[in-house]
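Structure record follows, encoded as structure tokens.
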Amino acid sequence: QKPHQHNGVVKKNYYDKFISEKKIEDVFNKNKNFYTETFKEFRYAELTPSNIIGENEYNKNYFNKINEIENKTLDGIALDKIASDYNLNITNTGLINQKNDSKINIKLLQNFFKIEKKNTLEFINLDKKYYVVEMINISQKQKSKDDIQVKESIKAQIIIENKINENTKIAKKIANK
């Protein structure tokens, strides 16, 4: 590490310190619970005119059925019952994360991930499309200390810690003069 030169005066940057793999591992092990990722599994059905009324038109009949379905979700009717009553195809996502490795529209996925309660049917109206969805599983997966985002987060944490420690040392030197 080269000291910085300013107006002929050599200055040491107190904050730029080498961060060892050992230090990264120590911080990771102390804070493992912060480095997890949430995975959720959903069952859902899109409510299209063709599967609800057998036509491809968005008409009064279709919107009446949409209102019925929305009311049934609010009344706590199960997804399987609604699916059989309205001829809906249920899709199961499997366990997915918000990075969207799945084939689901990103906005729809974001709406799915807002769901907190397991096995509670939700009605979603998004971009003039309608869905019924329930979260059926949720799990936390431990991220690796070698994950790039985890490493960057830990390094940032260590740099802040170093700045606080260096500032404390400088303040003590000033106070002891």
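Through side-chain heavy atoms spaced under 4.5 Å, either directly or across other Ile, Leu, Val, Met, Phe, Trp or Tyr residues, I148 is tied to no other residue.
In terms of the side-chain contact (heavy atoms from CB on, under 4.5 Å) criterion, residue partners of D26 (sequence neighbours excluded) are, by chain and number, K22. With sequence neighbours excluded, the residues that form a salt bridge (Lys or Arg N to Asp or Glu O under 4.0 Å) with K72 are D85. Scored by the side-chain hydrogen bond (donor to acceptor under 3.5 Å, both in side chains) test, D75 finds no partners at all (sequence neighbours excluded). Judged as a salt bridge (Lys or Arg N to Asp or Glu O under 4.0 Å), and not counting sequence neighbours, the contacts of E21 are K151. Residues that satisfy the salt bridge (Lys or Arg N to Asp or Glu O under 4.0 Å) test with K155, not counting sequence neighbours, are absent from this structure. Y86 meets the ring-ring contact (aromatic ring centres under 6.0 Å, His included) test with no other residue; sequence neighbours excluded. Not counting sequence neighbours, Y131 has no partner by the ring-ring contact (aromatic ring centres under 6.0 Å, His included) test. Considering only residues two or more places apart in sequence or on other chains, E122 meets the salt bridge (Lys or Arg N to Asp or Glu O under 4.0 Å) condition with none of them.
Within the structure, salt bridge (charged side-chain N to carboxylate O under 4.0 Å, His left out) contacts touching residues 109-118 (residues at least two apart or in different chains) do not occur. Each side-chain hydrogen bond (donor to acceptor under 3.5 Å, both in side chains) pair with one or both residues in residues 47-61, not counting sequence neighbours, appears once here: T48-S50, T48-N51, E55-N59.
F42 has its ring centre less than 6.0 Å from the ring centre of F113.
By the 30° and 60° cut-offs, the orientation of the rings of Y130 relative to F63 is perpendicular.
The residues E25 and K30 are annotated as not salt-bridged, no charged nitrogen and carboxylate oxygen being separated by less than 4.0 angstrom.
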Sequence neighbours left out, cut at 3.5 Å: what donor-acceptor pairs do the side chains of residues 133-145 make with other protein atoms?
from	atom 1	to	atom 2	distance (Å)
E134	OE2	R43	NH1	2.7
Q140	OE1	T38	OG1	3.1
Q140	NE2	T38	OG1	3.2
Q142	NE2	K32	O	3.2
Q142	NE2	Y35	O	2.9
S144	OG	D146	N	2.9

